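What follows is one structure encoded as structure tokens, with my remarks underneath.
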Amino acid sequence: MIDLDLVRKEPAKVEENLARRKNPVYVRLLAEVREKDAEWRTCLQQADEVRRRRNDLSRRIAEARTKATPSEELESEAKKLPDTLRAIESQESELLHARDALLRRLPNLMDDSVPFGTDDSQNVVVSTWGEPLHGGAALKSHGEVLEGLGMAEFDRARRVSGAGFYYLRGAVVLLDLALQRFALDLLAGRGFTPVAPPYVLRRAPYEGVTDLADFENVMYKLEAEDLYLIATSEHPLAALYLGEILDEDALPIRLAGVSPCFRKEIGGHGVDQKGIFRVHQFQKVEQFVFCRPEDSATILEELRANAEEVFRQLGVPYRVVNVCTGDLGSVAAKKYDVEAWFPRQQAFREVVSCSNCTDYQARRLGIRLGKAGRPGKLVPHTLNSTAVATSRGLAVILEQYQQPDGSVTIPEVLRPYLGGLRALVRSGASL
RNA sequence: GCUGAGGUAGCCUAGUCCGGUAAGGCGCCAGCCUUGAAAGCUGGUGGCGAUUCCGCCACGGGAGUUCAAAUCUCCCCCUCAGCGCCA
């Protein structure tokens, strides 16, 4: 949620920023917010005036009663007030709710460095690392590699859970865990505290962290419960300090979330669809930071560097893009995607999303900055970035490290987590 | 799931039976005192709207009764404890 104060004091600045999204809806929304706000303030003053009169009469009636002097006149006037007040108050609260609902629909203000563009094809490459392999059709897709190893069940999973779910089996399960542990250790070495969050959230905190449309498109809801399966540990981590005052001196707070992630909407285009690249459920190690407003730009670069380091150590070539206005989404003020090179697909595909959400999430969550237990008016900034999502992390490793004999070499940094295992090979046992 | 106890400001607590301007403590800020600090003393310390004085709101949320609700009535949410069930 954008700061209402800013909307009032610098509407031109806000409008200019929203206009960069090239969606006239937002500029119109802003105008409506300002209109409702002005109406609300007028109405509030009227309501205050009636309430002041009521309180005044009320006080004088009480006084008259204790002195046993007549108060009929006062009371007859007072009796008329509740009806008047009810009407004004209901209008006032209607205006207030309308204003706030509109305000919540406004997306975050974008950082000046976000490039113009209509969709992800216009994201701007800001760096590349490694030498892309040119295997192409000579290679198997990661799904075929897994099936060849006897380490995945896609058809049977569809039968019991539907498309987009999978069974993993054998050493690849350990590889999944190894990836998580590797990323977690890397982050722990850089000041992050591991956090295992709840895998479900109530609606109210969830509304603080994500776009409203996500409730329709992304999140699974538990039937008959006010609970949603998390789409990423970013969400419970952001909500961790719901309604609290964070001590400025304790910032930045660096957290490393580890959790499964559940997503209803997963798309389904492109080559090599069978596999674990687009799935309803996967594991992820996530970086999350609460910081002072003035530090978030620097910390975004820190998170990006950490995410890059994960893929460098895995030996996976990648590029980083600065996500353009049309592809940014409503919560982030600036976002980098790290795109790993998939040699079978001959394409860079997103494996990391790294965002500075500035004060947008924190304000919606009612989190404030303070010092020594004293609440302040400032709101902290929040940032999040994938360290590794094991579905896509596994997928790129399987594609890149596959061998002609069907085995998969294990990246060296992961071997210590696998008892020194050097490769995934087909075991004698069948499913 | 059942029963009970609770939800009051940044935190802790009183007030609720019996309706009449929300009391106190901690923490924090300022001043006094001091070489400096601590202690002590004094004052201040929520949100919103006006900003000249000020006014309104705020006791988990909502509705109702009343001139007037933290307080009375109804509905709902949440937390804790005990019991039950259980990996």
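The chains referred to below are lettered A, B, ... by the order of the sequence lines, with proteins before strands, and numbering in each begins at 1. Here the structure is a predicted model, which is why all the values come from computation and not from measurement.
The P atoms of B:A23 and B:G15 are separated by 15 Å, rounded to the nearest whole Å. Rounded to the nearest Å, the gap between the P atom of B:G36 and that of B:G46 is 31 Å. Nucleotides B:U34 and B:U52 place their C1' atoms 40 Å apart, quoted to the nearest Å. Taking the C1' atoms as reference points, B:C18 lies 29 Å from B:C56, given to the whole Å. Atom P of B:U3 sits at a distance of 14 Å from the matching atom of B:C75, rounded to the whole Å. On the P atoms, B:G24 is 28 Å away from B:A68, given to the nearest whole Å.
The pair A:Arg86-A:Glu89 does not count as a salt bridge, with every side-chain nitrogen at least 4.0 angstrom from each carboxylate oxygen. Using a 4.0 Å cut-off between charged side-chain N and carboxylate O, A:Asp56 and A:Arg53 make a salt bridge.
Each of B:G10, B:G64, B:C56 was ranked by its minimum atom distance to the side chain of A:Arg368; first place goes to B:G10. Taking only side-chain atoms of A:Arg86, from C-beta outward, the nucleotide of B:G49, B:G55, B:G64 with the closest atom is B:G64. With B:G55, B:G49, B:C67 as the candidates, the nucleotide lying closest to the side chain of A:Arg52 is B:G55. Among B:G10, B:A68, B:G49, the nucleotide with an atom closest to any side-chain atom of A:Ile245 is B:G10.
The CG-P distance, from A:Leu85 to B:U66, rounds to 15 Å in whole Å. If you take CD of A:Glu89 and C1' of B:G62, they are 14 Å apart, rounded to a whole angstrom. With rounding to whole Å, A:Leu4 atom CG is found 14 Å from B:G47 atom C1'.
Taking a pair as Watson-Crick or G-U wobble with both distances under 3.5 Å, the runs of three or more consecutive pairs in RNA chain B are B:1-7 with B:77-83, B:10-12 with B:24-26, B:27-32 with B:40-45, B:46-49 with B:54-57, B:60-64 with B:72-76.
Aromatic ring pairs are classed by plane angle as parallel below 30°, tilted from 30° to 60° and perpendicular above 60°; the pair A:Tyr206 and A:His235 is perpendicular. By the 30° and 60° cut-offs, the orientation of the rings of A:Tyr166 relative to A:Phe154 is tilted.
Between B:C67 and A:Arg60, no contact under 4.0 Å exists linking OP1 or OP2 to a side-chain N or O. OP1 or OP2 of B:G55 has not a single side-chain nitrogen or oxygen of A:Arg54 nearer than 4.0 Å. Taking 4.0 angstrom as the limit, A:Asn55 places a side-chain polar atom (N or O) nearer than this to OP1 or OP2 of B:C57.
Between A:Asp226 and A:Arg51, the residue anchored nearer the 5' end of RNA chain B, judged by the nucleotide with its closest heavy atom, is A:Arg51. When each of A:Leu57 and A:Arg99 is assigned the nucleotide of RNA chain B bearing its nearest heavy atom, the one mapping closer to the 5' terminus is A:Arg99.
Backbone-only engagement by A:Arg202 is indicated by non-hydrogen atom pairs under 4.0 Å involving sugar-phosphate atoms exclusively.
For the pair A:Arg392 and A:Phe277, the cation-pi criterion (under 6.0 Å, within 45° of the ring axis) is fulfilled. Taking the ring centre of A:Tyr417 as origin, the terminal cationic atom of A:Arg181 falls outside the region bounded by 6.0 Å and 45° from the ring axis.
Checking A:Lys284 against A:Ser233 by side-chain atom types alone, no donor-acceptor pair falls below 3.5 Å.
Exactly one residue among A:Phe262, A:Tyr220, A:Phe215, A:Tyr199 makes a ring pair (Phe, Tyr, Trp, His ring centres under 6.0 Å) with A:Tyr228. That residue is A:Phe215.
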